[in-house]
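Atoms within a ligand are numbered from 1 in the order they appear, just like the ligands themselves.
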Amino acid sequence: MSELKGRVALVTGAARGLGAAAAKALADKGAKVVLSDVRDGREAANAVGGAFVKHDVTSEEEWISAVTFAKETFGGLDILVNNAGVFWVKPMAVETLESFRKMQQINVEGVFLGLKHAIPAIAERAHQWDGGGAVVNLSSVAGIVGGPNIIAYNASKGAVRLMTKSAALESASLKVRVNSVHPGIIDTPMMAEAATVLEKVTGQGHNAIRDNFADRHPLKRMGRDIDVANAVAFLASDAAAFVTGSELVVDGGMTAI
Ligand SMILES: NC(=O)c1ccc[n+]([C@@H]2O[C@H](COP(=O)([O-])OP(=O)(O)OC[C@H]3O[C@@H](n4cnc5c(N)ncnc54)[C@H](O)[C@@H]3O)[C@@H](O)[C@H]2O)c1
């Protein structure tokens, strides 16, 4: 498939999990991909014939460098996937202001900086493509409905959902589309780490925790990284040329209830 031939994509938090899967899905469609992360993502980049740049999404300077790196390495920028994010489970009573702010810094400010610095670069050649340029923001079902013990995460993903709509309205005249994706519980390192924490807190076994994750979706399984990556690749492509400011749930029916 070469629907994205000629496009250059930047995917944040792409050393593992959904970012690595999104990078692969975009590369499979013919895009040249820059993978960025705070952790070493050279292996993930090599696997998709992409380039890796070290990039902490909370740093404005590093955002400017990452966008410049994409332009210098592959000649431009057409797609941004704002994927980097963190998750933890903490009841309000034990969540601290410092830790609440830390999550907003990564999940919210990181996305804001990406929109601010990548969209002007994407706009430079968005007119070349039928579907224009594209930004896909990773929100969550937790950006649509509340959950207990995740107040900081709910705040951050709700913000990503509405920042997406705001940026979509501002960027429409630039021919840059901005959409959000809202995964359910997807089998990635992030959720494996959450399961380990829940095992300790609840005393339940690993399999029981995973069964519980699966049961929360009407389709009765956890999501796979490819389920989300396919949605990201669709929104990034010309097949989604008239789709902007939208929220695409990839949650096995979880929020349909
Ligand atoms: N896995 C799920 O069930 C799920 C569900 C809904 C939404 N999401 C969202 O999808 C995105 C990816 O999740 P995942 O499951 O692949 O997580 P993951 O933890 O497996 O991978 C996230 C990556 O982001 C990177 N990262 C963290 N902080 C960063 C920073 N400051 N700068 C740059 N990179 C940073 C990490 O190093 C890691 O490689 C996140 O935004 C997450 O909130 C995940």
Side-chain angles (χ1 to χ4, degrees), residues 10-25 34-45 52-63 65-66 69 80-89 99 101-114 117-118 135-145 147 150 152-161 163-164 180-198 209-210 212-214 216-217 221-229 231-232 247-252 254-255:
L10 169 60
V11 183
T12 67
R16 68 180 200 180
L18 298 184
K24 180 174 186 320
V34 173
L35 295 85
S36 82
D37 206 298
V38 276
R39 74 179 75 225
D40 187 357
R42 282 175 295 184
E43 206 177 303
F52 175 71
V53 63
K54 196 101 169 179
H55 171 206
D56 181 340
V57 295
T58 66
S59 160
E60 188 153 22
E61 296 77 54
E62 291 186 25
W63 262 111
S65 304
F69 177 83
L80 168 68
V81 183
N82 265 319
N83 166 80
V86 290
F87 170 80
W88 53 76
V89 176
S99 139
R101 283 182 176 154
K102 182 75 198 164
M103 191 175 288
Q104 311 317 311
Q105 200 186 3
I106 299 167
N107 292 7
V108 182
E109 292 179 22
V111 170
F112 161 69
L113 290 172
H117 291 292
V135 179
V136 183
N137 294 328
L138 266 291
S139 178
S140 166
V141 290
I144 301 174
V145 295
I150 54 167
Y153 194 67
N154 269 149
S156 72
K157 293 302 182 179
V160 171
R161 173 171 170 260
M163 287 197 298
T164 299
S180 56
V181 172
H182 300 258
I185 305 174
I186 315 296
D187 201 358
T188 67
M190 174 185 274
M191 279 305 127
E193 286 162 12
T196 305
V197 172
L198 285 171
I209 300 280
R210 284 182 62 91
N212 179 266
F213 281 170
R216 290 174 60 189
H217 307 87
R221 66 166 173 88
M222 285 174 79
R224 302 180 188 113
D225 57 14
I226 187 72
D227 295 324
V228 178
V232 171
E247 46 195 85
L248 178 51
V249 293
V250 185
D251 69 349
M254 189 189 261
T255 52

> Which heavy atom of the protein is the closest neighbour of atom 32 (N) of ligand 1, given with residue, atom name and distance?
Replying inline: Val57 N, 3.0 Å

>> Any heavy atom of Ser139 closer to ligand 1 than 4.0 angstrom?
In response: yes

> Closest non-hydrogen protein atom to atom 33 (C) of ligand 1, residue and atom name please, with distance?
Replying inline: His55 O, 3.2 Å

>> Polar contacts were defined as any N/O atom of the residue lying under 3.5 Å from an N/O atom of the ligand; does this apply to Ile106 and ligand 1?
In response: no

>> Taking Asp187 first and then Arg210, would you say they form a salt bridge - that is, a charged N and a carboxylate O separated by under 4.0 Å?
In response: yes

> atom 36 (C) of ligand 1: which protein heavy atom is closest, and how many Å away?
Replying inline: Asp37 OD1, 3.5 Å

> Can you check whether Ile186 has an N/O within less than 3.5 Å of an N/O in ligand 1?
Replying inline: yes

> With a 4.0 Å cut-off on heavy atoms, does Ala194 reach ligand 1?
Replying inline: no

> Using heavy atoms and a threshold below 4.0 Å, how should the contact between Phe87 and ligand 1 be classified: side chain, backbone, both, or neither?
Replying inline: neither

> For ligand 1, which part of Thr188 has a heavy atom less than 4.0 Å away: the side chain, the backbone, both, or neither?
Replying inline: side chain

> So which heavy atom in the protein is nearest atom 29 (C) of ligand 1, and how far is it from that ligand atom?
Replying inline: Val38 CG2, 3.7 Å

> Heavy atom of Lys157 under 4.0 Å from ligand 1?
Replying inline: yes

>> Tell me whether ligand 1 is touched by Thr12 - counting only heavy atoms on the residue side and a distance under 4.0 Å.
In response: no

>> Among all protein heavy atoms in this structure, tell me which lies nearest to atom 43 (O) of ligand 1, with the distance rounded to 0.1 Å.
In response: Tyr153 OH, 2.6 Å

> For the residue pair Asn107 and Gly85, what are the closest heavy atoms and their distance?
Replying inline: OD1-CA, 3.3 Å

>> Under 3.5 Å between any N/O of Asn83 and any N/O of ligand 1: does that happen in this structure?
In response: yes

> Checking side-chain contact (heavy atoms from CB on, under 4.5 Å) against Glu62, which of Val38, Leu113, Asp56, Val53 comes through?
Replying inline: Asp56

> What's the shortest distance from atom 10 (O) of ligand 1 to any protein heavy atom, and which residue and atom give it?
Replying inline: Leu18 CD1, 3.4 Å

>> Is it the case that ligand 1 has an N or O less than 3.5 angstrom from some N or O of Arg16?
In response: yes

> Ser139 and side-chain contact (heavy atoms from CB on, under 4.5 Å): which partner among Glu247, Arg161, Met163?
Replying inline: Arg161

>> Against Asn82, only a single residue in Leu138, Thr164, Val135 fulfils side-chain contact (heavy atoms from CB on, under 4.5 Å); can you say which?
In response: Val135

>> Quick test of your reading of the structure: of Gly17, Gly85, Ala142, whose heavy atom lies closest to atom 22 (C) of ligand 1?
In response: Gly85

